[in-house]
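Here, residue 1 is the first one in the sequence, and each next residue gets the next number. Since the structure is predicted, the reported quantities are computational estimates derived from the model, not experimental observations.
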Amino acid sequence: LGRWFTDLIRRRAEHNECEIFSLEEVSLHQQDIERIEHLDRWCKELRILYLQNNLIPRIENVGRLKKLEYLNLALNNIEVIENLEGCESLQKLDLTVNFVGRLSSVESLRHNIHLRELFLVGNPCTQFEGYRQFVVAALPQLKSLDRTEISRSERIQASQGLEEARRRVAEQEQEYLRRRAEEKEEARRKEAGVEEEKKERKPGFDGRWYTDINNTVSPESEKENQELNENPKNPEEDEEQREREFWHTPCSFTPESRLEAYRHLEEKRRAKENSRSQTVGFLCRSEITICLTGIN
C-alpha cells in the first residue's frame with residue numbers, strides 16, 4: 001500500500017518534475033484511498049491538499065504539515081476530528097458528508113488558531129441539539145461555519161451558554177456512540193455471514209452442489225439433490241439474484257456500508273476483468289492451434 005501511495009503522489013507531481021518534496025498542492029480525490037500515508041514526511045511544503053471522495057476512516061499522517069492552509073476531506077469515512085494540532089497554518093477544513101459523531105472532538109481544533117472556515121454539513125453531529133452553538137463557542141477563531149458567517153452577537157451568545165451546550169452535546173454523543181456500537185456489531189455479523197456464504201457457494205462445473213461421497217445422505221438431502229439434477233441451477237441467474245438482493249436490501253448509511261458497496265463493486269470489476277482475460281487467452285490458444293494445423 002505504501003508503494004502504491006508513493007506512486008500515486010509522484011503521478012500527481014508530474015508538473016513538478018515528479019519531485020514530491022517541494023509540492024505545494026496535491027489532488028488525490030476519487031482514488032479509493034483507504035489510509036493517508038507518508039504525506040507529513042514527504043510533502044512538508046504542502047499548502048493545499050485535496051483528499052475528497054475516498055474511503056479514509058481517520059485523519060492521520062498530516063500533523064506535521066506546518067504550512068498546510070486548506071485540507072479537503074469531504075466524502076470520506078471519518079468519525080473523529082483529530083491529529084491536526086500540528087497544522088499551524090490551517091485556515092480551511094472541509095469535512096462535508098463524513099461520519100463525525102463525536103462532536104466534542106471539534107475542540108481539538110482550538111490549537112489551530114488560524115482556522116477560519118469549517119464545513120461539517122452532512123455529518124451526524126450536525127443533528128445534535130445545540131450543534132452550532134457548541135462549535136461557535138468552542139472555536140472562537142472561526143469566521144464561518146458551514147458556509148454561514150458567524151456574527152459577533154452570535155459568538156457572544158454562544159460563549160455564554162457553552163457549559164450547558166457542552167453538557168447537552170455529551171449526552172447526545174453517548175447515545176450516538178451506543179447506536180454506532182450496535183451498527184458495528186451488525187456489520188461484523190453481516191460480514192461473517194457473507195464470508196460463510198462464499199465458503200458454502202462452491203459449485204462444480206455445472207453450477208450444482210457436491211458433497212463428499214463418503215457422507216451419509218439423508219432422505220431430505222437426497223430429494224433436494226434429485227430436484228437439482230432435474231432442474232439444475234443457472235449460475236448466471238443465481239448471480240443476478242444475489243446482485244438484486246445486495247442493492248435492494250435496505251441498510252443504514254454507515255462507514256461499513258459505504259466500504260461494503262465499494263468492495264462489492266471492486267469484486268465485480270475484478271471478476272469481469274478475469275473473465276475477459278480468460279476469453280482472450282482462449283482465443284489466442286485457438287488461433288495458435290489453427291495456425292499449427294495449417295502448417296501441418
Side-chain angles (χ1 to χ4, degrees), residues 1-2 4-5 8 27-40 49-63 71-84 87 93-109 118-128 131 134-135 145-146 169-198 242-243 245-270:
L1 185 60
W4 171 82
F5 199 81
L8 187 60
S27 181
L28 297 169
H29 62 285
Q30 291 183 299
Q31 296 296 317
D32 302 327
I33 297 169
E34 295 187 40
R35 186 183 178 191
I36 305 171
E37 295 186 287
H38 310 305
L39 282 175
D40 59 355
L49 177 56
Y50 297 103
L51 283 164
Q52 68 268 32
N53 206 355
N54 282 293
L55 299 158
I56 299 166
R58 286 194 66 200
I59 303 173
E60 58 185 339
N61 297 318
V62 294
L71 175 58
N72 191 330
L73 281 162
L75 292 163
N76 275 285
N77 291 349
I78 293 164
E79 299 191 63
V80 180
I81 302 172
E82 59 185 343
N83 301 323
L84 291 172
C87 299
L93 175 61
D94 194 341
L95 289 167
T96 301
V97 190
N98 272 272
F99 297 90
V100 177
R102 291 180 183 265
L103 182 54
S104 60
S105 67
V106 80
E107 294 195 87
S108 68
L109 297 173
L118 176 63
F119 301 88
L120 288 170
V121 174
N123 283 272
C125 65
T126 61
Q127 302 301 312
F128 289 7
Y131 152 73
F134 176 77
V135 177
L145 174 60
D146 299 332
V169 164
E171 291 175 354
Q172 295 171 88
E173 200 173 89
Q174 286 303 311
E175 174 58 24
Y176 173 79
L177 292 176
R178 183 191 63 78
R179 293 198 306 271
R180 274 296 291 136
E182 292 176 356
E183 288 172 351
K184 289 178 181 179
E185 177 59 25
E186 181 182 348
R188 188 195 63 76
R189 288 198 301 268
K190 183 178 180 181
E191 185 177 3
V194 169
E195 290 302 316
E196 188 62 31
E197 182 184 347
K198 285 181 180 178
R242 284 192 293 272
E243 193 70 7
E245 288 176 357
F246 181 86
W247 293 112
H248 293 166
T249 301
C251 68
S252 301
F253 182 57
T254 65
E256 293 79 22
S257 66
R258 189 165 179 262
L259 192 58
E260 180 188 17
Y262 162 73
R263 287 177 175 163
H264 178 80
L265 291 171
E266 267 297 287
E267 188 176 315
K268 297 290 291 183
R269 183 186 63 79
R270 285 196 299 268

Next on the checklist: Applying side chain to side chain donor-acceptor pair (under 3.5 Å) to Tyr131 and Asp146, what does each step give before you reach the verdict?
Outcome noted: CA-CA 12 Å; Tyr131 152 73; Asp146 299 332; 2.6 Å; yes
Checklist entry - Is there side-chain contact between Val135 and Leu118, with heavy atoms separated by less than 4.5 Å? => result yes
Checklist entry - Are Glu171 and Tyr176 side-chain neighbours, meaning at least one heavy-atom pair lies under 4.5 Å? => result no
Checklist entry - What distance separates Thr254 OG1 from Leu259 CG, expressed to the nearest 0.5 Å? => result 9.5 Å
Next on the checklist: Whether Arg189 and Glu186 form a salt bridge (side-chain N of Lys/Arg under 4.0 Å from carboxylate O of Asp/Glu) is what I want to check.
Outcome noted: no
Checklist entry - Could you give the distance from CD (Gln172) to OG (Ser104), rounded to the nearest 0.5 Å? => result 12.0 Å
Next on the checklist: Using side chain to side chain contact (heavy atoms under 4.5 Å, CB included), reason through Tyr262 and Glu34 one step at a time and then give a plain yes or no.
Outcome noted: CA-CA 11 Å; Tyr262 162 73; Glu34 295 187 40; 3.8 Å; yes
Checklist entry - Would you find a donor on one side and an acceptor on the other, under 3.5 Å apart, between the side chain of Asn72 and the backbone of Leu93? => result no
Checklist entry - Between Asn98 and Asn123, is there a donor-acceptor pair closer than 3.5 Å when you use the side chain of the first and the backbone of the second? => result no
Under 3.5 Å, side-chain donor or acceptor atoms of residues 55-63 against the rest of the protein: list the pairs with distances, not counting sequence neighbours.
from	atom 1	to	atom 2	distance (Å)
Arg58	NE	Glu82	OE2	3.1
Glu60	OE2	Arg35	NE	3.2
Asn61	ND2	Ile36	O	2.7

Next on the checklist: Looking at Glu182 and Arg178, is any side-chain nitrogen of the basic one under 4.0 Å from a carboxylate oxygen of the acidic one?
Outcome noted: yes
Checklist entry - Does the salt bridge (Lys or Arg N to Asp or Glu O under 4.0 Å) test come out yes or no for Lys190 and Glu260, once each step is laid out? => result CA-CA 10 Å; Lys190 183 178 180 181; Glu260 180 188 17; 3.4 Å; yes
Next on the checklist: If you compare all heavy atoms of Pro124 against all heavy atoms of Gly101, which two are closest, and at what distance to 0.1 Å?
Outcome noted: CB-CA, 4.5 Å
Next on the checklist: I need the Asn77 CG to Phe99 CZ distance, nearest 0.5 Å.
Outcome noted: 5.5 Å
Checklist entry - How many angstroms lie between CD in Glu107 and CZ in Phe134, if you round to the nearest 0.5 Å? => result 4.0 Å
Checklist entry - For the atom pair CD1 (Ile33) and CG (Leu28), what is the distance rounded to the nearest 0.5 Å? => result 4.5 Å
Item to check | Salt bridge present between Arg180 and Glu79 (N-O < 4.0 angstrom) | outcome: yes
Next on the checklist: Quick one: does any side-chain atom of Asn54 pair with a main-chain N or O of Gln31 as donor and acceptor, under 3.5 Å?
Outcome noted: yes
Item to check | From Leu49 atom CG to His29 atom NE2, the distance as rounded to the nearest 0.5 Å | outcome: 12.0 Å
